[in-house]
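Before any comments, here is the structure.
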Protein chains: 2
Amino acid sequence: MKRPTIADIARRAGVSKGAVSYALNGRPGVSEETRARIHAIAQEIGWRPNLAARLLSGAGAGAIGLVVCRPARFLGVEPFFMELISGIEGELAARSYALMLQVAAGHEDEIAVYRRWWGEGRVDGVILVDLHTNDPRVPVMEKLGMPAVVIGHPSAAGSLPAVWSDEAAAMREVLEHLAALGHRRVARVAGPAALAHTAIRDAAFVESLAALGLEEAPAAHTDHTGEQGARATRRLLSSRSRPTAIVYDNDVTALAGLSVAQEMGLRVPAGLSVVAWDDSPLCQVVRPPLTTTARDIPASGARAAQLLLRMAAGEQVTGVEDAAARLRPRGSTAPPP
Amino acid sequence: MKRPTIADIARRAGVSKGAVSYALNGRPGVSEETRARIHAIAQEIGWRPNLAARLLSGAGAGAIGLVVCRPARFLGVEPFFMELISGIEGELAARSYALMLQVAAGHEDEIAVYRRWWGEGRVDGVILVDLHTNDPRVPVMEKLGMPAVVIGHPSAAGSLPAVWSDEAAAMREVLEHLAALGHRRVARVAGPAALAHTAIRDAAFVESLAALGLEEAPAAHTDHTGEQGARATRRLLSSRSRPTAIVYDNDVTALAGLSVAQEMGLRVPAGLSVVAWDDSPLCQVVRPPLTTTARDIPASGARAAQLLLRMAAGEQVTGVEDAAARLRPRGSTAPPP
DNA sequence: GAGTTTCACTGAACCGGATCAGCGGGACCG
DNA sequence: CGGTCCCGCTGATCCGGTTCAGTGAAACTC
């Protein structure tokens, strides 16, 4: 029942613990013959290195952490995280690294989790997501000297390496698409204003409107939930200067907006064009299928994990820019009425 | 930069390592005065117990594991996991336990992960989800002696404790609702036939149809994705004996089905009633909002985590039955045309 | 053939806590 | 006033790996 240790292997093989350690770690100092014998015995008795012992002797934790800081209720609908996680996992699994996941209620809790993980030696580093402008997590990571990679624009990442894509370019592409269709009055239903990427898209939206000669329009900020997406859409569509197209910041709000429009008797895309953000199967499942921007989220996750592992290994790393999201035109955009 | 150890505290306090250990763990053997002094020093220099050292001295890993075995692409849309995870987390966070997450490609990979985790002492136990009938994971857990809790019906859980809800009752309630509305021809778009809960719902579906005097109908099995949901729906709606209501096994297939129906010119609920399974924000966002069964998934996760922790502590535990899912009637069900 | 190098391996220290036997000293008892 | 008990603490050992200095023997060198 007790788990076998290298001492058991050493006894069986008639050698010392040290020799077993060398043999199993592929280091020089043992003959090929002995090495093979030790490997055979290890295999036979089902030996696995005890993580704690290895850790104690200075090895890394063999795990990285991800803290998700959103209300649970909303988490579920957001495909982003699961896609990100599956991308991260792909990179980790190959090296037998593990992923620690924790859901936190706010930035303070999140920081407390990092401190604990780091203090206990439970993780070798963490991936930060959903950065705010002036995010308090960044200086904490820098001060702790804890390896961390940011998924998001470098402008919010301080000295931490970032994995990002050009959101401004994607926004420009969306508006060019709408302008080409003939839209002049385009509205935007955005995510939380505090998020760094919301601010970036806000700016790009305003800038691109101007560049394309479209009417000025403010962004309506939401918490990314269907309810607020619906409410914002209702307000926009009831206003005097009703937009002919709305650009949403995620798929859930876009879906909610689509429903509201249809409920108000507006046909999509004939009466209103809708653009979602970050393609997900949801966008293809509804009628009409939603025009969205699409990018490879798992790839970003994989890249971030890769950087983090190199960083944890002591390497000096710099951020990388992923391909920008591309517009994926579907049935929800058409010329204005 | 180096993390402080109890030896550092001992030196500062002018006592031995042993005394510090006693003091910090609230065990007798030190005076209250010394204890307070040691605590103050620990606080001051930011000491945290090193996980590895504690582990090596026989303590638990302070973590539990969850392996998710579904294709990544689909994972994202399924709110189930994130809800489950947030429930588990709630229970863990209070005790400073951590959650290890891994995405696996199949049962063999999944079992390999369990073996590794257990062999390395990385987790104190695991939660199993998506049980198949005759699931290979169950005997492995039993043989390893690894604490494990199943989320699903006990009939598939072998000797492992299960957290389950009465799916048959929920199915009955759904069909009673449809029968009461006047439906006689009800179809079912199910999940993968290999899943234990699919089989249970299949049986309950057939049984309840008979009990209510509705027409016999087979279940169309899918892989839970929108595509297959759409295809199954299209086939059903094109058949000679077109059903007046369809019961889906999850929200994504229901959503896809809804779109297909609308595309084929069928009004929902006037021309076709649609029932989804496991309520999620998605169901409320679309038009019409979907009638679904709803249950408290985070609560199940929390309960499973609770059981697992007790089990890992050596307690003998038995499974618990959660409240059955309740029907939540919304706009997608109405009397048949 | 003596000296040097290389090889294969041993023994012990080490990581950071937990735990236990033991010890000095004060309090209490008879 | 001597004996016993308990409190508060020390010092050592243990957990299971890693690592390093050292060792004995064989191989090589001149």
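All chains are named by letter (A, B, ...) in the order of the sequence lines, taking the proteins before the strands, and each is independently numbered beginning at 1. Since this is a predicted model, take the numbers as computed values, not measurements.
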Answer with base, sugar-phosphate or nothing: what part of the nucleic acid does B:Gly121 contact at a heavy-atom distance below 4.0 Å?
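Result for B:Gly121 = nothing.
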
Would you say that more than 12 heavy atoms from the other residues, nucleotides or ligands in this model lie under 6.0 Å from the CD of A:Glu321, or not?
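More than 12 heavy atoms, drawn from other residues, nucleotides or ligands, come within 6.0 Å of this atom.
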
Mind checking what makes side chain to side chain donor-acceptor pair (under 3.5 Å) contact with A:Arg11, not counting sequence neighbours?
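Listed in chain order: A:Asp8.
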
Pairs touching [range] that satisfy side chain to side chain donor-acceptor pair (under 3.5 Å), sequence neighbours left out:
{"range": "residues 301-320 of chain B", "value": "B:Arg303-B:Asp322, B:Arg310-B:Glu315"}
{"range": "residues 54-67 of chain A", "value": "A:Asn25-A:Arg54"}
{"range": "residues 144-164 of chain A", "value": "A:Glu142-A:Ser159, A:His153-A:Ser155"}

With sequence neighbours excluded, what pairs up with A:Glu33 under the salt bridge (charged side-chain N to carboxylate O under 4.0 Å, His left out) test?
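With sequence neighbours excluded, A:Glu33 shows a salt bridge (charged side-chain N to carboxylate O under 4.0 Å, His left out) to no residue whatsoever.
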
Identify the 5'-most and 3'-most nucleotides of DNA chain D with at least one atom closer than 4.0 Å to a non-hydrogen atom of chain A.
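Terminal contacting nucleotides, 5' to 3': D:dG16 to D:dC20.
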
Pair pattern of DNA chain D in dot-bracket, where unpaired bases get dots and | marks partners in another strand, Watson-Crick or G-U under 3.5 angstrom:
||||||||||||||||||||||||||||||

Of all of residues 29-37 of chain B, which get a heavy atom below 4.0 angstrom from DNA chain C, listed by number?
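Output list: empty, so none.
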
With B:His132 via ring-ring contact (aromatic ring centres under 6.0 Å, His included) - residues at least two apart:
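For B:His132, the residues satisfying ring-ring contact (aromatic ring centres under 6.0 Å, His included) (neighbours in sequence not counted) are B:His107.
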
4.5 Å side-chain heavy-atom contact, B:Leu66 and B:Ile64:
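A side-chain contact under 4.5 Å is absent here.
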
Closest contact, heavy atoms only, A:Ser300 versus A:Val163
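Taking every non-hydrogen atom into account, O-CG1, 4.0 Å.
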
Reading nucleotides 15-23 of chain C 5' to 3', which nucleotides get B (base under 4.0 Å from a protein heavy atom), which S (sugar-phosphate only), which -?
BBBBBB---

Check for me whether B:Arg48 meets the cation-pi criterion with A:Trp117, that is, NZ or CZ under 6.0 Å from the six-membered ring centre and within 45 degrees of the ring axis.
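Not satisfied by the 6.0 Å and 45° rule.
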
Within residues 154-163 of chain A or reaching into it, pairs that qualify as salt bridge (charged side-chain N to carboxylate O under 4.0 Å, His left out) - sequence neighbours excluded:
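Passing the test, one end in residues 154-163 of chain A: no pairs.
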
Can you run down the salt bridge (charged side-chain N to carboxylate O under 4.0 Å, His left out) pairs that involve residues 14-30 of chain A, sequence neighbours left out, and say none if there aren't any?
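For residues 14-30 of chain A, and leaving out neighbouring residues, there are no salt bridge (charged side-chain N to carboxylate O under 4.0 Å, His left out) pairs at all.
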
